[in-house]
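All values below were derived from every heavy atom in this structure, side-chain atoms included, with hydrogens, water molecules and symmetry-related copies excluded. Residue indices begin at 1 and follow the sequence shown.
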Amino acid sequence: MDPLHITEFASERYFSKLRQLDGQAEPAAATASSTTNVPELPAALRAPTFTLPLRRQRSAESDNAAPALRPSDQKKRSLGHDLTPLRTQRRPILGGGLGALRSKISVTQKPISVGEHQQAILAADPTAATSLNLSELFLTLPAELQAQIIAPLPIHAVLNLRLVSKTFHALVTLNESPIARYHIANSLPKYTLKLYPVPDPQFINLHYLCGIWHRLQVALKLSTMITQQATKELFSRTTEAARLEFEPQSQRMCKRLTPLVFALFHFFETYRDLHVKHLTYGGVPLRMQAFTLNPIETQVMAMYDDHTLLKVHQVFPLILSSISRRLRPPSYAGRIERSIKGYLKDRPADEVYSSIVLVGGLRQAQRFWEKKGYNIRREAVDVWYSYITKTPVEAPPPKSKMARLATFGRKKTQPVVDTSSSEKIGHESETCKEWFCVKSACLAARRRHSTDNLVFHSSLAAGPPMGPLTREQLRQLLPDQQDLKNIWVLTAEALILQRKIVSRPQDIKRNHMVLLELIGPDGPEVDEFTPAPPREGDALQQEGMGGDGGVSD
């Protein structure tokens with residue numbers, strides 16, 4: 001009698017033993033799979049979503065170890081033959097060479113899905129998902145998916161992502177156009193696109209997008225500060241309880257002021273560009289022309305529709321008076337009170353106010369507004385004006401005995417240096433932090449910083465809107481400025497009557513009516529998109545666009 005382990009191939013006993021082994025292998029495999037401790041997958045991997053398989057490095061143990069066999073395979077090999085190739089072959093259908101050829105082709109297995117592949121990887125090695133960090137997993141994705149992930153992020157998050165590494169800097173730089181197009185379609189208010197139309201597709205980049213957000217944030221900050229000043233001084237809400245009660249009206253006022261201040265930013269920016277271009281190409285200065293309507297202001301206001309022109313004209317006195325009020329001591333304070341509180345300087349001259357709004361723009365006005373303390377603000381104004389005019393800062397008047405007693409124990413301020421002679425002594429361009437500095441050393445340092453370094457070869461190296469002018473441009477522009485009382489008001493009112501927006505000058509709303517309209521529940525509404533409120537410390541330090549005078553705010 002033959003031994004039990006020897007069985008004739010393809011005999012009846014052979015097939016009966018084969019069926020018996022297959023029947024025992026199936027319940028054994030089910031029991032083994034139920035008792036194996038497989039880690040539970042997160043919900044994102046269990047869901048039938050499209051995911052990409054990520055390659056991982058094999059460990060040395062998995063490379064050296066032989067593949068484990070299932071119990072059924074081990075039992076099948078105990079017969080003395082490996083039947084796997086025989087069971088996966090097709091029998092020849094046709095005779096001759098074609099049948100022989102098809103008999104050599106094995107049956108293709110069912111392709112494994114991405115989810116099953118990830119489940120198999122996690123089942124074999126539960127620590128596979130933690131072997132790669134987030135940046136490595138992100139950079140393994142195709143470039144198109146990377147751009148789609150980055151584009152919906154807030155603009156300050158996109159710009160901060162450029163500071164992570166050179167790889168992320170290059171990734172954002174190469175995808176400027178899709179990121180900017182996404183935010184143009186989903187984030188920017190409609191009134192911004194009316195004043196700054198979308199350029200051609202090849203010119204859409206982060207500089208266009210960040211320039212608009214810079215103007216929006218300046219408009220929002222100024223609107224917030226004007227609202228707070230009006231709440232305290234015009235509406236007499238001085239206590240905390242009164243301000244909380246007045247909070248809904250304050251929010252409406254700030255929301256309605258933002259697009260109007262944004263339009264004023266556009267006016268001062270466009271006016272300065274046209275004025276500089278007019279003087280550069282040999283145009284007749286305005287001070288030598290006899291005109292009823294300012295030709296440059298008329299050209300800028302032609303870009304505004306009737307509704308925008310009327311609304312901005314009505315709030316212009318409120319905005320300008322708020323900026324002026326911030327840069328002068330209280331009008332009710334007498335000589336003794338000024339000495340006690342340290343108000344040693346009077347308000348700036350009218351030509352200083354004109355230079356602030358026409359040369360520096362609303363961004364420079366916001367910078368002065370944010371200075372804490374009246375004396376610090378006045379000193380900052382004097383330093384800035386001396387830079388652009390290249391004149392020495394006037395020395396403070398001598399203190400009286402009362403002022404000396406009032407300022408006893410206070411922190412002494414640094415002495416004011418004559419800016420006309422500071423450049424001769426030696427100007428440290430590395431330590432100069434003033435973006436408006438037009439000295440040759442600072443201009444050369446900024447130019448070298450933005451062009452020589454490979455990291456800064458991007459569209460944002462062009463700088464913020466209303467950047468500093470050259471010394472030659474300032475020399476031509478400053479003597480040709482208009483008086484403070486003639487800026488906007490005369491030309492705008494004449495155009496409003498000429499376009500017949502209102503029939504009489506009396507129909508133009510004045511300050512008290514404008515304030516009631518801004519805080520009232522039935523006032524004008526703005527677009528559904530509004531910029532996020534500014535946060536403390538949320539500055540985007542980008543080349544030329546962040547920090548002092550940048551887009552970051």
For Glu245, does the CD atom sit with more than 12 other heavy atoms under 6.0 Å from it, leaving out its own atoms? no
Scanning both residues in full, the closest heavy-atom pair of Ala180 with Asn205 reads CB-O, 3.6 Å
Please examine the side chains of Leu209 and Leu188, heavy atoms only from C-beta on, and report whether any two atoms are closer than 4.5 Å. yes
May I ask you to decide whether Asp273 forms a salt bridge with Lys277, counting only side-chain N to carboxylate O separations under 4.0 Å? no
Taking Val218's backbone N and O only, do any of them form a donor-acceptor pair with Arg363's side chain (distance below 3.5 Å, no angle check)? no
Do Tyr191 and Leu216 come close enough that some side-chain heavy atom pair is under 4.5 Å? yes
Any donor-acceptor N/O pair, Arg252 side chain to Ile519 backbone, under 3.5 Å: yes
Could you walk me through whether Phe265 and Tyr196 pass the ring-ring contact (aromatic ring centres under 6.0 Å, His included) check? CA-CA 12 Å; Phe265 193 110; Tyr196 298 92; 7.9 Å; no
Would you say Arg215's side chain and Gly211's backbone share a donor-acceptor pair under 3.5 angstrom? yes
Tested for side-chain contact (heavy atoms from CB on, under 4.5 Å) against Val276, the lone hit among Leu274, Leu279, Thr280 is Thr280
OG (Ser355) and CH2 (Trp384) are apart, to the nearest 0.5 Å, by 5.5 Å
Return yes if some donor-acceptor pair links the side-chain N/O of Asp306 with the main-chain N/O of Leu309 below 3.5 Å, else return no. no
Check whether any side-chain heavy atom of Leu477 lies under 4.5 Å from a side-chain heavy atom of Arg272, and answer yes or no. yes
Once rounded to the nearest 0.5 Å, what's the spacing between atom CZ of Arg475 and atom OG1 of Thr470? 10.0 Å
Test side-chain contact (heavy atoms from CB on, under 4.5 Å) applied to Leu320 and Ile487, step by step: CA-CA 10 Å; Leu320 198 62; Ile487 298 176; 5.9 Å; no
How many angstroms lie between atom CZ of Arg378 and atom NZ of Lys371, to the nearest 0.5 angstrom? 14.0 Å
Can a donor-acceptor pair be found, under 3.5 Å and without considering hydrogens, that links the side chain of Thr308 to the backbone of Asp305? no
List the atom of Met301, the atom of Arg499, and the distance in Å for their closest heavy-atom pair. O-NH2, 3.0 Å
Worked verdict on Ser459 versus Tyr208 for side-chain contact (heavy atoms from CB on, under 4.5 Å): CA-CA 9 Å; Ser459 62; Tyr208 169 78; over 6 Å; no
In terms of side-chain heavy atoms, does Ser321 have a donor or acceptor partner in Arg325 at a distance below 3.5 Å? no
Would you call the rings of Tyr271 and His275 parallel, tilted or perpendicular, taking 30° and 60° as the class edges? perpendicular
For Arg377 and Leu327, indicate whether the former's side chain and the latter's backbone hold a donor-acceptor pair under 3.5 Å. no
Out of curiosity, Leu358 CG to Glu269 CD, how far, rounded to the nearest 0.5 Å? 13.5 Å
Note, Gln251 side chain near Thr227 side chain (heavy atom, < 4.5 Å): no
Which heavy atom of Thr258 sits nearest a heavy atom of Ala219, and at what distance? O-CB, 3.7 Å
Hey, what do you get for CD (Glu370) to CD (Gln366), rounding to the nearest 0.5 Å? 4.0 Å
If only atom types and distance count, is the side chain of Glu297 paired as donor or acceptor with the main-chain N or O of Trp488 below 3.5 Å? yes
The test is side-chain contact (heavy atoms from CB on, under 4.5 Å); show your working for Gln498 and Leu495 and say whether it passes. CA-CA 5 Å; Gln498 181 179 347; Leu495 288 178; 3.7 Å; yes
Is a side-chain N or O of Gln289 found less than 3.5 angstrom from the main chain of Val284, in a donor-acceptor match? yes
Report the residue from His512, Lys311, Arg256 that forms a side-chain hydrogen bond (donor to acceptor under 3.5 Å, both in side chains) with Glu517. Lys311
Say whether, by atom type as modelled, one donor and one acceptor occur between the side chain of Arg237 and the main chain of Phe235 under 3.5 angstrom. yes
Of all heavy-atom pairs between Cys254 and Ser223, which one has the smallest distance, and what is that distance? O-CB, 3.9 Å
Close side-chain approach of His156 and Trp213, heavy atoms under 4.5 Å: no
Mark yes when over 12 heavy atoms from residues, nucleotides or ligands other than Phe291 sit less than 6.0 Å from its CZ; otherwise mark no. yes
Does the side-chain contact (heavy atoms from CB on, under 4.5 Å) test come out yes or no for Leu163 and Phe168, once each step is laid out? CA-CA 8 Å; Leu163 303 177; Phe168 281 98; over 6 Å; no
Within the structure provided, determine whether Asn294 and Leu490 are in side-chain contact (heavy-atom separation under 4.5 Å). no
What's the shortest heavy-atom distance between Leu484 and Ser354, and which atoms? N-OG, 3.4 Å
Should the ring pair Phe268 and Phe316 be called parallel, tilted or perpendicular, given that the plane angle runs from 0 to 90° and is split at 30 and 60? tilted
Expected output: side-chain Asp200 to main-chain Phe203 donor-acceptor under 3.5 Å: no
Starting from the C-alpha separation in whole Å, work towards a yes-or-no answer on side chain to side chain donor-acceptor pair (under 3.5 Å) for Ser177 and Arg181. CA-CA 6 Å; Ser177 183; Arg181 285 199 301 267; 2.5 Å; yes
Leu193 versus Ile184, closest heavy-atom pair with distance: CD1-O, 4.1 Å
Measuring only between side-chain heavy atoms, which start at C-beta, is Ile226 closer than 4.5 Å to Leu257? yes
Can you check whether Asn511 reaches Leu234 side chain to side chain, under 4.5 Å on heavy atoms? no
d(Leu159 CG, Cys210 SG) to nearest 0.5 Å is 4.5 Å
